[in-house]
Structure formats: C-alpha cells, structure tokens
Amino acid sequence: MKSEYHTNQTRSVPHAPCFVSSLRGCVLLLFVVIRWEEERYTDGSKWRFLEHKGPVFAPPYEPLPDKVKFYYDGKPMKLNPPAEEVATFFAKMLDHEYTTKDIFRKNFFKDWRKEMTSEEKSKITDLNKCNFSEMSEYFKAQSEARKQMSKEEKLKIKEENERILQEYGFCIMDNHKERIGNFRIEPPGLFRGRGDHPKMGMLKRRIRPEDIIINCSKDSKQPKPPPGTKWKEVRHDNKVTWLVSWTENIQGSIKYIMLNPSSRIKGEKDWQKYETARRLKKCVDRIRNQYREDWKSKEMRIRQRAVALYFIDKLALRAGNEKEEGETADTVGCCSLRVEHIKLYPKMDDQEYVVEFDFLGKDSIRYYNKIPVEKRVFKNLQLFLENKQPEDDLFDRLNTSILNKHLQELMDGLTAKVFRTYNASITLQQQLKELSCSDDSIPAKVLSYNRANRAVAILCNHQRAPPKTFEKSMQNLQTKIDEKQNQLSAARKQLKAAKADHKASHDDKTVQRIEEQLMKLQVQATDREENKQIALGTSKLNYLDPRISVAWCKKWGVPIEKIYNKTQREKFAWAIDMAEKDYEF
DNA sequence: GGCTGGACTTGGCACCACGGCC
DNA sequence: GGCCGTGGTGCCAAGTCCAGCC
C-alpha cells in the first residue's frame with residue numbers, strides 16, 4: 001500500500017485540468033487528465049479510501065498540589081477534582097477583563113456549581129467570596145518555569161510534539177498522504193464568545209472518546225479508541241470530507257476534524273470558488289442592470305431584494321442570516337440589517353443621498369461607513385423605513401434564502417458570498433495594475449502589492465485592534481531610519497572627500513548600499529503605519545484569487561516568497577503551478 | 001415555505017518559536 | 001549567549017449555504 005502514496009512534497013501533479021497549461025510533457029499531461037477523471041467523482045462522493053489514526057485528546061486533569069489553596073470566605077477549602085478543575089479555568093483567566101463581566105461570572109458560577117459535590121454546593125453560594133488568587137499565582141509560576149526550561153527540555157517537548165504530528169497529523173485519502181488540519185480535540189475550558197456573547201463564561205466540557213464519531217473507509221485500518229473506551233460511532237460516509245466529529249455543549253453545534261488547506265480536497269474546492277467568481281465577472285453587468293431595473297419594481301419584495309443586492313455588491317456586505325435571539329452576540333449582515341443600523345441624509349456636506357451604516361458584523365467587528373447612493377436607492381430606503389421602529393428589520397420582505405434563490409436563477413452557483421470573492425479579487429487585480437511600476441525596486445513593488453491587498457481588506461472591513469506593541473515598534477523603526485540617515489550622510493561626505501582626492505571608487509557602492517537599506521526601512525515604516533488597523537490575512541487567504549498574485553509576481557519579477565510564506569505557498573500550490581504572467585482573473 | 005441540522009468557509013487574536021541584534 | 005520583536009501558527013468562534021423534513 002505504502003508505495004502508492006504520494007506525499008505532499010513529492011506530488012507535482014496538479015488537481016485540475018487547467019493545470020495542464022503549466023505542464024510540459026504529454027505523458028504527464030495524459031496522467032493528469034486520467035488522474036483528474038479518476039478522482040472527480042460524479043456521484044457526489046468525496047473519496048474512495050480514507051484512513052487515519054483518530055484525534056488526539058486533551059491531557060487529563062492533574063489535580064493541584066495540596067499547598068495551593070482555594071479560599072472561600074477567607075477560609076481554605078479543598079475542592080474535589082471536578083469542581084477544582086473548573087475553578088482552575090477561572091483562575092487562569094483572573095487577569096482577563098472577562099472575569100469582571102456580570103454575564104461571564106453568572107454563567108461560570110452556574111456551570112461550576114453543577115460540578116460541585118452537594119457539600120461544596122451548599123457551602124459555595126457566592127462567587128464574590130471565592131478567592132482564586134493562590135491558584136492563579138501557581139499557574140503564573142508554572143508558565144514562568146516553562147519559559148525558563150533548559151534547551152534540552154525544550155527540545156524534548158518539541159520532539160514529542162513532532163512525534164504526535166507524525167502519528168496523528170496525517171491521513172491517507174485516495175492514494176495521497178495528506179496533512180490534517182486540527183487533529184487535537186479542543187481542551188475543556190470556559191467559553192469566551194466574541195463581543196457581547198450571552199453564553200460567555202459557560203463551561204465547555206471535556207470531550208471523551210464516547211462523544212466522538214469517526215469517519216473512515218470500510219477497507220481502512222480503523223483508529224483505535226484509548227484503552228478501556230469506545231467511540232460513539234464509526235461511520236463510512238464518503239459524501240463528506242471530515243474525519244472526526246463531535247457535538248459541543250455550548251451551542252449544540254457539530255465540530256469537525258478536517259484536512260489542512262494544502263490538501264487536494266481543499267485546494268480543489270478553493271479553485272472552484274474562484275472559478276465561480278470568474279463566471280460572475282462575465283455576467284455581472286447584466287446582473288447590475290437587472291437590480292437597477294428592480295429598484296423600480298411595483299413589488300416591495302423585489303425592491304428590497306434589489307437594494308440589498310446593491311449593498312452586497314457595492315459594499316461587499318455579508319449575506320446576513322437570521323440568528324436565534326439570546327443564543328449569540330447581536331450581529332447582523334445585509335439581509336438582517338435593522339432600521340437602527342442606517343441613517344439617511346438627503347444632503348451631507350457636498351454630497352447628496354448619503355447613507356450612514358453603523359452596525360456590528362461578524363465577530364462583533366463594527367462596520368461604519370458613509371456612502372452616497374443613487375437617488376432611487378435612497379428613495380427606496382426611505383420607503384422601507386416608513387412606519388418602522390428602530391429594532392424592526394430594514395428588509396422585512398427578504399432573507400438570505402430568498403436572495404440566494406434569486407441569485408441562483410441569475411447564474412448557476414451564484415450566492416451572496418460570491419460577490420465578496422468577486423469584488424475582492426477584481427479590486428486586487430485593478431489595484432495591482434494601477435500601482436505597479438517597473439522602475440520600482442522589489443521592496444517598493446511589495447509595498448504596492450500590500451497596498452492593493454489593503455484596498456481589499458478595507459472593502460471587506462477586515463479590521464484588527466492595533467497591535468499592543470505598535471507604538472514602540474514604530475519608534476524602534478524610526479530610530480533605525482534616523483541612524484541609517486546619519487550613516488548615509490557620513491558615507492556621502494566620505495565619498496565626496498575621496499573624489500576630491502581622486503581616491504578609490506568603491507565608496508560609491510557603499511553609498512548606494514546604504515541608500516537601498518534606508519529606502520527599505522522607509523518602505524517598511526510606511527507599510528506598517530498604513531496597516532495599523534487593517535488585517536490583510538483574511539482577504540489574502542480567503543478572497544483573493546491566488547493566481548492574480550502569482551501572475552503579478554511573474555510579471556514584475558518579484559519572488560513569490562515575498563508575497564506568500566511557506567504555509568501560504570502550500571495552500572496555493574495549485575495556483576503557483578497554474579498561473580502564467582498573463583493570467584487574467 | 002419555514003425550520004433545523006449539518007458541512008464547510010471565514011475570522012480575529014493570543015501565543016510562542018525563531019531569527020536578528022547587541 | 002541572551003534578549004527582544006515579530007511573523008507564523010494554532011485555536012476555536014462565527015459566519016454561509018444547502019438539504020431534508022414537515
């Protein structure tokens with residue numbers, strides 16, 4: 001069996017017919033087509049053979065040493081292991097703001113009490129009387145000790161991790177050895193949602209083998225549960241891509257272990273996504289004309305649909321599914337916008353028909369934007385707002401399902417999120433065309449690339465909190481620039497003097513080298529400053545057709561390593577193989 | 001047509017290994 | 001050789017979308 005496997009490293013065979021363009025030999029070409037035909041199942045199945053070793057469980061709880069005490073109402077109290085474990089979760093977060101929040105404390109205390117013995121329960125009735133500080137100190141000391149470990153000890157841990165990775169981190173799917181994404185089961189702890197989450201502080205319970213569903217092929221060697229335990233179920237469902245699943249107890253949703261982005265199955269899906277977006281490019285004008293027409297429709301539902309689609313297209317808003325109230329943080333997308341999230345200004349400064357958006361989107365990231373819109377859109381919005389309360393839906397005749405059904409009719413495979421992919425990728429391509437300059441040095445070209453990437457991140461509202469070390473690191477960089485400038489003027493002086501004396505010419509090069517170094521630093525500073533509150537990663541990883549970047553690198557002679565790190569190159573191996581310098585999205 | 005569960009993608013952030021610098 | 005800053009990575013939450021059910 002083993003000799004048939006291709007590892008990621010040795011595999012040079014692309015996953016899709018388009019890869020053919022980058023291949024030279026006919027024999028190889030034939031092989032690609034056959035292999036592709038073989039693996040692209042028409043019956044909806046995702047694989048024929050799947051073998052893996054199952055998940056790695058979180059290490060069991062180790063009770064605290066007796067000297068580390070928990071105090072209730074000033075008196076030491078030894079907790080039983082289950083209650084003690086949950087207490088340690090809280091103690092570990094003591095420095096975090098979370099533990100001061102009412103909801104967090106309330107949820108935690110309620111779930112903690114469930115783990116107590118009846119005796120503990122009757123004693124511990126008020127979280128405010130609990131003192132976790134000794135526990136907290138103990139964990140801080142432990143993490144400090146970990147940092148102070150000797151090289152040998154650190155190496156040993158590293159080797160052990162590597163061993164686990166080798167054993168559990170790979171699977172075999174249809175003749176390929178593939179890297180698994182997240183083969184470790186999430187450890188128990190306190191749930192921390194994002195934003196104002198009503199469930200923050202609840203206990204995320206420990207996952208046991210009895211909770212685990214294994215998915216593998218019948219003819220594979222099945223993973224063994226830890227001694228003395230059983231899996232919940234072993235199934236052989238090749239219509240799905242996951243290897244392991246379990247149900248988490250906070251939302252009752254299912255969690256999965258799936259393959260790494262570098263895997264064939266993920267790469268193919270990614271490629272498909274961008275192909276759908278490219279198909280949208282071909283018919284986007286038609287669709288835009290259509291929704292503009294629909295702004296005039298007699299039917300309210302059609303007008304709403306058309307205005308919502310306009311926002312999704314123009315502003316790259318997310319679809320906005322309905323959410324169960326009280327289960328999650330109150331966030332919205334386009335279809336779930338409420339009256340309170342927009343304000344209309346017939347005139348603002350020198351612009352007409354301005355809409356102001358202010359709402360919390362995915363991950364409770366604020367979306368704030370003021371944009372002028374067409375008069376028709378504006379009038380429609382006024383109509384939608386009539387006789388409504390702030391908490392009413394802006395688009396009361398619309399939801400994502402209605403919208404996506406409509407989109408499906410306009411183009412096969414079209415959904416709301418395709419617009420985000422399309423607009424992100426087309427923006428990158430346009431920006432790169434505008435910003436790139438052949439006279440630029442490599443660092444300047446990379447800055448242009450980052451700026452194009454940044455334009456997309458801004459469009460998609462990918463924000464981040466400024467890094468905690470931002471100010472300091474900017475200062476450090478500025479110091480370096482100042483030093484370099486001094487160095488440069490010194491070198492220039494020297495050169496001038498040398499020239500006057502008709503001395504050696506190699507000093508010329510020294511000046512040049514310093515100039516380059518200085519320019520590099522200045523570019524770095526600009527890039528970092530502009531990037532203060534913008535996160536580039538998400539768009540780079542999920543929205544930008546990597547073939548645009550690969551082609552750009554080839555066209556402008558920028559090494560791909562300057563744009564994609566190793567992991568990203570692995571994820572985008574298909575694109576690196578495929579795209580030539582003239583690739584057009 | 002609404003509801004729900006399931007599968008899969010997208011998202012920000014904390015943490016830590018690693019490389020550069022003194 | 002130790003310190004410091006940072007990029008990369010893992011973590012895991014939170015979206016999207018679809019199928020199947022009634």
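Each chain gets a letter, A, B and so on, in the order the sequences are listed, and its residues count up from 1.
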(message) If you go through the side-chain atoms of A:Lys273, does one of them form a donor-acceptor pair with the base of B:dT9 closer than 3.5 Å?
(response) no
(request) Can you tell me the distance, in whole Å, between the CG atom of A:Asn565 and the P atom of C:dG7? (result) 11 Å
(request) Could you tell me the separation between the CZ atom of A:Arg318 and the P atom of C:dC17, rounded to a whole number of Å? (result) 11 Å
(message) Can you identify which nucleotide, out of C:dC17, B:dG11, C:dT9, has its nearest atom closest to the A:Thr567 side chain?
(response) C:dT9
(message) Please report the distance, rounded to the nearest Å, between CZ in A:Phe419 and P in C:dG15.
(response) 22 Å
(message) Using whole Å, what does the distance between atom P of nucleotide B:dT9 and atom CZ of A:Arg420 come to?
(response) 16 Å
(message) Distance check, rounded to the nearest 0.5 Å: A:Cys171 atom SG versus A:Arg179 atom CZ?
(response) 11.5 Å
(request) Please state how far atom CG in A:Leu259 lies from atom P in B:dA7, giving the value in whole angstrom units. (result) 15 Å
(message) Under 4.0 Å, heavy atoms only, any strand: does A:Gly320 hit a base, just the sugar-phosphate, or nothing?
(response) sugar-phosphate
(request) Would you kindly give the CE-to-P distance between A:Met411 and C:dC17, to the nearest whole Å? (result) 12 Å
(request) Side chain of A:Met258 only, please: which of B:dT10, C:dG15, B:dT9 is the nearest? (result) B:dT9
(request) To the nearest Å, give me how far apart CZ (A:Arg569) and C1' (C:dG8) are. (result) 13 Å
(request) Calculate the interatomic distance between A:Ile254 atom CD1 and C:dA14 atom C1'; express it in whole Å. (result) 15 Å
